[in-house]
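In the text below, chain A, chain B and the rest are named by the order of the sequence lines, each starting its count at 1.
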Amino acid sequence: MSSSEQLCLSLLRQCKTLKTVKQFHAYISKVGLDANSFVAGKLLLHCAVTISDTLDYARRLFLLFPDPDIFMYNTLIRGLSESSTPQYSLTTYVEMRRRLMAAPDSFSFAFILKAAANYRSLKAGIQLHSQAVTYGLDTHLFVGTTTISMYAECGCVAFARKVFGEMFEPNVVAWNAIVTACFRCGDVKGAKIMFNQMPFQNSTSWNVMLAGYTKAGELELARTSFLEMPIKDDVSWSTMIVGFAHNGCFEEAFGFFRELQRVGIRPNEVSLTGVLSACAQAGTFEFGKIIHGFIEKAGFLHIISVNNALLDAYSRCGNVGMAHLVFESMPEKKSIVSWTSMMAGLAMQGYGEEAVQLFNKMEKSGVRPDGITFISILYACSHAGLIEQGCWYFSKMTEVYGIEPAIEHYGCMVDLYGRAGQLEKAYDFVNQMPISPTAIIWRILLGACSIHGHVKLAERVKERLSELDPNNSGDHVLLSNIYAIAGKWKDVAALRRSMADQKIKKTPGWSMIEVDKVMYSFVAGRGRNEITDEAYEKLREMMLKLRVEGGYIPEVGSVLHDIEEEEKEDAVSGHSEKLALAFGMARLREGRTIRIVKNLRVCGDCHTVMKLISKVYGLEIVVRDRSRFHSFKDGFCSCRDYW
DNA sequence: TTAGGGTTAG
């Protein structure tokens, strides 16, 4: 390497942003090194892979080279394979085959197979695999391992096993890949068998087992392996925290985090993001603040992913102000995750216009949205009734950014139309979708029928749901509520009988509230104890005050059966969110905001009660239900009764 | 002369 090349490389390492990269490019053009394929290749690598948000620039840069070499092609293919548009990786590969005289090498195949995996394109994957065979590269350790992962991503564990069987001397990485492949395709037993056959098991192999078990929801198997494994490293601990948090077991996630600290292991950025994700789910704002303090003291504030998790935890705990503070204070450049999480935070609170403004600001700052960003913005539009904007973003996603809509995007569109009352349009949209609608899609439509009391369409939708997911209790409950609102008590009774015959149980509603850093959960209709007694007593007092001072009349539509009015009133008054609210009012200091997390959607009567309480008691109440946040203040809710 | 595969992160 010449000394001028060496100088260039050390300069390049300093470039962290698009602006500095452009300055670097101007510099090498000036000194005549821009045609030096080594320097140009390093610059391309830097933009396409090393730093973020400069992939578009890398693509433009690539076009400037008259004769790109195989390194440049491989580098661009690699950068694109990790992007939100891995299909462009394939087109680059095809162009390379056409223009370049040299044959693709092991690097080309490793990167391009990764693209096929990320694109979940089995057809492309098989073609590429057969080309690798032609070049004798299919048994190459790196190529073979990527091929295994590709087949696993495409759901073909049998092909993955075949490739593994043909590998000459699989090393530990290849073994780990085949175990992961089994898990990826849902073959938990197969994964364990392969693990037992491994000639060598280092920490990573055990970690593969932990991750596989937790992703399969096999938490007890994960715990057993965790206790058995000879050496637990920080990845093992992080995997347990993240795995339990993802399965909704936030208490256990907190437990692993405390245990990790007790045994003297320093939390790393992933265990911190994991514990913050548990805070986000549980809505434990106070505990989140403690973790925030720890992050500050332990010097993790410069890590973008930690900031993102913190931002997300604050916004899911209902404190969009703190979330915004974290967002604004983020070091260096915000990542696409930061923008997306901030948008989702605003969307959950019903700040649709603000989310749209943020999207525009993001585009102006040169950050490219990915598929998840579009889920957030579409969600924001549907929850704020911004129908035209939502449609515009939906077409922009494909036309401008080349992102193919996934099932989640279609779901957002169905919600957008359905929530706004355009039920026929939503129904037509579902029937015209290019991919076949899942139960979730129909369920969104059923939810919309429930909001707008559309009994006929609800029945049609429920038929489709019964074919796809017959035992889902939520769907039955939703339909029966639709009947109840319409006063169709005979239909309600028939539905209840069929639920009982099929032994379908209603998912119990629970609500949680944090008081003095302790989480209390309430389940409607469960046995009494000291805590619930305290809640019921306060509830009685509150309801009396509401009737006298707030003019409250109970809404009973959300009760399942045709029972006497008074009994119905009893059933809604015991809803878990009311109990949590009453408990919070009994225990929390006056003037404190009451924050409640509920697993299901908040019911109509509870919603009315909370609005009245916020007015009569001069209180602020924040409820996070399954679909969004409700902030009650002065008798109004932030959802504008639109949820 | 440059780079790559398996585990944790919205």
Side-chain angles (χ1 to χ4, degrees), chain A residues 1-2 5-6 9 12 36-46 48-50 69-79 81 105-114 117 140-150 152 164 167 170-181 183-184 198 202-215 233-246 268-277 280 303-309 311-313 315-316 335-345 370-373 375-376:
Chain A
M1 203 191 301
S2 73
E5 283 172 354
Q6 236 162 4
L9 293 196
L12 185 60
N36 176 321
S37 71
F38 180 72
V39 173
K42 282 286 192 183
L43 171 60
L44 189 71
L45 178 68
H46 198 74
V49 177
T50 313
D69 58 18
I70 192 162
F71 178 83
M72 289 178 179
Y73 270 111
N74 286 347
T75 301
L76 188 63
I77 290 169
R78 180 185 172 194
S81 76
D105 59 12
S106 63
F107 289 95
S108 318
F109 282 112
F111 300 141
I112 194 66
L113 283 161
K114 188 75 187 287
H140 182 281
L141 265 183
F142 285 74
V143 176
T145 307
T146 317
T147 311
I148 291 170
S149 307
M150 180 274 295
F164 180 75
M167 282 175 92
N171 63 0
V172 67
V173 182
W175 275 98
N176 290 342
I178 192 65
V179 172
T180 304
F183 276 124
R184 190 76 186 80
M198 283 176 75
N202 63 9
S203 282
T204 303
S205 311
W206 284 92
N207 291 341
V208 165
M209 292 307 285
L210 301 185
Y213 280 144
T214 56
K215 281 182 184 159
D233 62 12
D234 60 336
V235 175
S236 326
W237 285 95
S238 314
T239 306
M240 295 306 274
I241 294 167
V242 170
F244 276 74
H246 275 187
N268 67 9
E269 64 268 33
V270 182
S271 53
L272 285 167
T273 52
V275 77
L276 283 169
S277 134
I303 296 172
I304 291 184
S305 62
V306 171
N307 280 272
N308 289 340
L311 191 168
D312 186 55
S315 75
R316 280 182 207 269
S335 74
I336 183 61
V337 179
S338 336
W339 290 95
T340 302
S341 304
M342 194 63 236
M343 257 174 246
D370 67 9
I372 305 175
T373 318
I375 293 176
S376 288

Note to self: Checking the side chain of A:Asn308 only, and the main-chain atoms of A:Leu311 only, is there a donor and an acceptor separated by less than 3.5 Å?
What the structure shows: no
Margin query: Looking at A:Leu12, is its backbone amide N or carbonyl O close enough to the side chain of A:His46 to form a donor-acceptor pair, meaning the two atoms are under 3.5 Å apart?
Written below: yes
Item checked: Base of B:dT2 and ring of A:Phe38 stacked, centres under 5.5 Å, planes under 30° -> no
Check: Are A:Phe107 and B:dA3 stacked, counting the six-membered base ring, centres under 5.5 Å, planes under 30°?
Finding: yes
Send over the distance from [X] [atom1] to [N] [atom2], rounded to a whole Å.
| X | N | atom1 | atom2 | result |
| --- | --- | --- | --- | --- |
| A:Ile77 | B:dG4 | CD1 | C1' | 13 Å |
| A:Phe111 | B:dT2 | CZ | C1' | 11 Å |
| A:Asp69 | B:dT1 | CG | C1' | 12 Å |
| A:Asn202 | B:dT7 | CG | C1' | 10 Å |
| A:Asn307 | B:dG10 | CG | P | 14 Å |
| A:His246 | B:dT7 | NE2 | C1' | 14 Å |
| A:Trp237 | B:dA9 | CH2 | P | 17 Å |
| A:Met240 | B:dA9 | CE | C1' | 17 Å |

Check: Do A:Asp233 and A:Asn207 meet the criterion of a side-chain donor-acceptor pair at a distance under 3.5 Å?
Finding: yes
Notebook entry, point to check: Between the side chains of A:Thr373 and A:Thr340, is a donor N or O closer than 3.5 angstrom to an acceptor N or O?
Noted result: yes
Note to self: With a 4.5 Å cut-off on side-chain heavy atoms, are A:Ser236 and A:Trp206 touching?
What the structure shows: no
Side chain of [X] only, heavy atoms from C-beta on: which candidate in [options] is closest?
| X | options | answer |
| --- | --- | --- |
| A:Arg78 | B:dG5, B:dA3, B:dT7 | B:dA3 |
| A:Phe71 | B:dA3, B:dG10, B:dA9 | B:dA3 |
| A:Arg316 | B:dG5, B:dT8, B:dG10 | B:dG10 |
| A:Ala211 | B:dT8, B:dG10, B:dG6 | B:dT8 |
| A:Val337 | B:dG6, B:dT1, B:dG10 | B:dG10 |
| A:Thr239 | B:dA3, B:dT8, B:dT1 | B:dT8 |
| A:Asn207 | B:dA3, B:dG6, B:dT7 | B:dT7 |

Distance-only donor-acceptor test, [X] side-chain atoms vs [N] base atoms, 3.5 Å:
| X | N | answer |
| --- | --- | --- |
| A:Asp105 | B:dG4 | no |
| A:Ser106 | B:dG4 | yes |
| A:Thr145 | B:dG5 | yes |

Notebook entry, point to check: Which atom names give the shortest non-hydrogen contact between A:Ala174 and A:Ile148, and what distance separates them?
Noted result: O-CD1, 4.4 Å
Name the nucleic acid region contacted by [X], choosing base, sugar-phosphate or nothing; use a 4.0 angstrom heavy-atom cut-off, strictly under.
| X | result |
| --- | --- |
| A:Asn36 | nothing |
| A:Val242 | sugar-phosphate |
| A:Leu141 | base |
| A:Thr75 | nothing |
| A:Asn308 | nothing |
| A:Val208 | sugar-phosphate |
| A:Thr180 | sugar-phosphate |
| A:Asp234 | nothing |

Check: Do A:Met150 and A:Thr147 pass the side chain to side chain contact (heavy atoms under 4.5 Å, CB included) test, and can you show the C-alpha distance, the side-chain angles, and the key distance before you say yes or no?
Finding: CA-CA 5 Å; A:Met150 180 274 295; A:Thr147 311; 4.1 Å; yes
